[in-house]
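A short write-up of the structure that comes next.
We number each residue from 1, following the sequence as shown.
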Amino acid sequence: KKFRNSQQQKMADRTSVAMFKVTVVLMAVAATTSAMTVFPKPLKQQDTGETFFIDRTNFRFETASKVSKVTNLLNAAYERYTTLCLGNFKASSKYSSAAQASLISSVQVTVTDDTTDLSLETDETYDLTITAPAITLSATTVYGAIRGMETLSQLIYQGVEVNGTNIHDSPRYNFRATMIDTSRHFYPVTVIKQHLDAMAYSKFNVLHWHIVDSVSYPYQSTKFPEMSKQGAYSPSHIYSRDDIDSIVNYAMQRGIRVIPEFDTPGHVQQGYAALNPPILTPCYNTTSNQPDGTTGPLDPTINATYDFLRAFMAEIKEVFPDKFVHVGGDEVSPECWASNPNIQKFVKEHPTIQSFGDLEQYYELQLLNILKEQNSSYICWQEIFDNGVKILPDTVVDVWKGGNWQEEMSNVTGAGYHAILSAPFYLNYISYGEDWPKYYLVEPSNFTGGADADKKGLVGGIEVCMWSEFVDASNFIPRIWPRASAVAERGWSAADVRDEDDARNRLHELRCKLIARGIPAEPIANGGSPTELNNHHFCDIEWTPKYQEP
């Protein structure tokens, strides 16, 4: 009798578990692709064959190590990822006795290094073991732990169910960036923070902020407030110190560096026109030899230019805590310099300056020496390297020109400099149809000497660029996401992760997760084709815009 009762109880428990699983499945429309996937793909991932359930009532993150300096960062991450793991799903909190044995109530987090610094050397490695009653997450740094929390959040289905999994993960490249352009069109702070969240969900770790350009100057300087007063589109189209502090702190909590770009000596007009003494080059009519009323690049021949740069770069170092600043250096047109009689005279008086390319090199040397004095490092567009400027050993060269980026990568790394690749990843160019595979299949080390440069760490990483000639807050997020995630996997995952069909399924699942998290990511596949994604072109939660009827 006892035996029969025991057997009956086991059957009842198994029935309860089965009923529970059916309930979980019925909570959403059935999907043909697994929601328990990760993007970018981890370095090593092994499923144990077990299924566990989340105790939604008691689920929590707990710190299992003493790391007082990163407590605030961890607690903020715990709050975010508790919400992301549980989601906005309705699920029963009542479980059978058999299901109780498979309940997960906590994530035990161990961090061994107290550092909060973010740099090219930041360790983002983590180990994740999913089992009951507690998941374990171990990392050297808080930022590695945050990457592990993101992976876990993607593996939990509908806030209830998760497969037993062992993961060891670390990024291929330490520089995985997106570039935003807030000069041509202005992005409100809220949209930048929304983008930072999407970056964290795809494990990007650098925001390259092209904050100003010749057409507008939204940066509100404390030392030179006249620049944004004259150069911003309007008084509401500015980034104040409080705005920037808020963005930098928001990014840091997600393990993202913010590197500003102030492009000179070209790409200057608005904002700089307000400075007194003036430092823009007056352009001359070559027939009348009189000023024509326009200006060109910064004047590299006057002391006032370098006085401004020294004071301004000191302010930037204070406002943006990252050691690096992007100095631009691209697309400097020589025509205005060539027309100016004062610059012509300066060139004649300096025999070492044989061309206007030499004059640009003269300018860049002064700027880079100023940064060196201030203990700042710099990233530059490839022209500074191409023009033979003597740059510091830790300079990062941004390879952006299309055509033959492989040759440029070979030249830069061959000279011993770190290179980041953005040339194939200009996502502001759009086309009708599925375009993410062309970004996904790019191999950053596919150039002469690339394998050796990769081993030496000279292929520093990748960068997605979104120039904003035709992009603003209304279309920025859906245009870049989830297309940027395809590049994120190229920057995070191993070089041999290249299965396009596997990536398509996982990218679709990520897109659905982004929508559930408030990121209006666009579809990645042809909804009119029943052969793509097994005709599963929808998400359980679809994007619903907020609209106020008149």
Quiz item: Quick one: are T395 and I379 in side-chain contact, heavy atoms under 4.5 Å?
Solution: no
Quiz item: Think R254 forms a cation-pi with Y250, using NZ or CZ under 6.0 Å from the six-ring centre and within 45 degrees of its axis?
Solution: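 Pair R254/Y250 counts as cation-pi.
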Quiz prompt | Intermediate values then yes/no, salt bridge (Lys or Arg N to Asp or Glu O under 4.0 Å), E443 and R172 | solution = CA-CA 12 Å; E443 171 48 49; R172 181 183 179 190; 2.7 Å; yes
Exercise. Decide whether Y81 and E150 meet the rule of one side-chain donor and one side-chain acceptor closer than 3.5 Å.
Key: yes
Self-check item: Polar side chain donor-acceptor pair, S493 to R498, under 3.5 angstrom
Solution: no
Quiz item: Hey, mind stepping through Y126 and D169 against side-chain hydrogen bond (donor to acceptor under 3.5 Å, both in side chains) and telling me if it holds?
Solution: CA-CA 6 Å; Y126 67 89; D169 200 11; 2.7 Å; yes
Exercise. Just say parallel, tilted or perpendicular for the rings of F39 and Y440, cut-offs at 30° and 60°.
Key: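 Because their plane-to-plane angle lies in the 30° to 60° range, the rings of F39 and Y440 count as tilted.
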Exercise. Can you label the angle between the W381 ring and the H208 ring as parallel, tilted or perpendicular, going by 30° and 60°?
Key: tilted
Quiz prompt | Pairs where residues 273-323 contributes a residue and the test disulfide (SG to SG under 2.5 Å) is met, not counting sequence neighbours | solution =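 The answer is C283-C336.
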Roughly how far, to the nearest 0.5 Å, is [atom2] of [Y] from [atom1] of [X]?
X: H210; Y: C465; atom1: NE2; atom2: SG; value: 10.0 Å
X: E261; Y: W209; atom1: CD; atom2: CH2; value: 13.0 Å
X: L118; Y: E124; atom1: CG; atom2: CD; value: 8.0 Å

Practice problem: With sequence neighbours excluded, tell me which residues meet salt bridge (Lys or Arg N to Asp or Glu O under 4.0 Å) with D127. | Solution: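 D127 satisfies salt bridge (Lys or Arg N to Asp or Glu O under 4.0 Å) with no other residue.
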Quiz item: Are K223 and E315 within salt-bridge range, i.e. N to O under 4.0 Å?
Solution: no
